[in-house]
Amino acid sequence: MSDVSLTVNGKRVSGSTEDRTLLVHFLREHLGLTGTHVGCDTSQCGACVVHVDGRAVKSCTMLAVQASGSTIVTIEGLANGAELHPVQAAFKEHHGLQCGFCTPGMIMAATDMIAHHPEGLDEATVRAELDGNICRCTGYHNIVKAILAASQAMSKGSKGRAKQAA
Ligand code: FES
Ligand code: FES
């Protein structure tokens with residue numbers, strides 16, 4: 001057993017867990033954050049993506065003890081109270097989901113993708129960068145549309161804020 005101490009969605013949490021516990025299981029079973037899903041046992045599906053120190057990570061590929069000391073954001077930490085994050089709002093607006101099983105991982109991957117492309121995104125880049133996330137329902141088209149729309153909305157928002165600050 002090892003002690004694990006993390007900041008998750010802005011709150012300090014700690015617990016004791018077996019050394020072999022994966023981060024995804026620690027989040028789901030110890031912290032009750034079941035928005036992060038497990039869709040495979042081969043690290044292929046991306047349903048388990050969370051942010052670890054600001055980068056999208058498949059939480060089934062990391063031990064909880066390896067993540068100790070990190071800052072984690074899960075799908076539960078993305079909205080601002082009742083106000084959806086722009087990526088969540090875009091998935092809703094553009095019907096970027098059907099059953100919703102892949103959606104938390106898609107949204108966490110998309111927010112990281114948008115953050116790391118401040119110059120903006122095009123369809124080919126979105127499709128290439130989504131290759132670690134599998135959706136069995138949508139055919140991806142509306143997911144791509146939603147990510148492109150969110151990227152545009154967020155870049156307008158940041159330009160607006162930059163103008164206000166100038
Ligand atoms: S559960 Fe499928 S990649 Fe992590
Ligand atoms: S919406 Fe069902 S797996 Fe993507």
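Since we're looking at a predicted model, the values are computed, not measured. When a ligand or atom number is given, it counts from 1 through the structure's own listing order.
Using a 4.0 Å cut-off to heavy atoms of Arg136, the atoms of ligand 2 that qualify are 3 (S). Which parts of ligand 2 touch Gly100 is read off a 4.0 Å heavy-atom cut-off, strictly below it: atoms 1 (S), 2 (Fe).
For Glu93, there are no salt bridge (Lys or Arg N to Asp or Glu O under 4.0 Å) partners two or more places apart in sequence or in a different chain. Arg136 pairs by the salt bridge (Lys or Arg N to Asp or Glu O under 4.0 Å) definition with nothing, not counting sequence neighbours. By the side-chain hydrogen bond (donor to acceptor under 3.5 Å, both in side chains) test, Thr125 is found to be paired with Asp122, residues two or more places apart in sequence or in another chain being considered.
Defined by atom type and a distance below 3.5 Å, a donor-acceptor pair is missing between the side-chain atoms of Ser68 and Asp3.
Between Val52 and the choices Thr71, Leu23, Val73, the side chain to side chain contact (heavy atoms under 4.5 Å, CB included) rule is met once, by Leu23.
In summary, an N, O or S atom of Cys135 is located under 2.8 Å from atom 4 (Fe) of ligand 2.
At a 4.0 Å heavy-atom cut-off, the residues surrounding ligand 1 are Val38, Gly39, Cys40, Ser43, Gln44, Cys45, Gly46, Cys48, Lys58, Cys60, listed by chain and number.
Side-chain contact between Thr36 and Pro104: absent, with no pair of heavy atoms (C-beta onward) separated by less than 4.5 Å. Considering only heavy atoms from C-beta on, Leu22 comes within 4.5 Å of Leu63 through its side chain.
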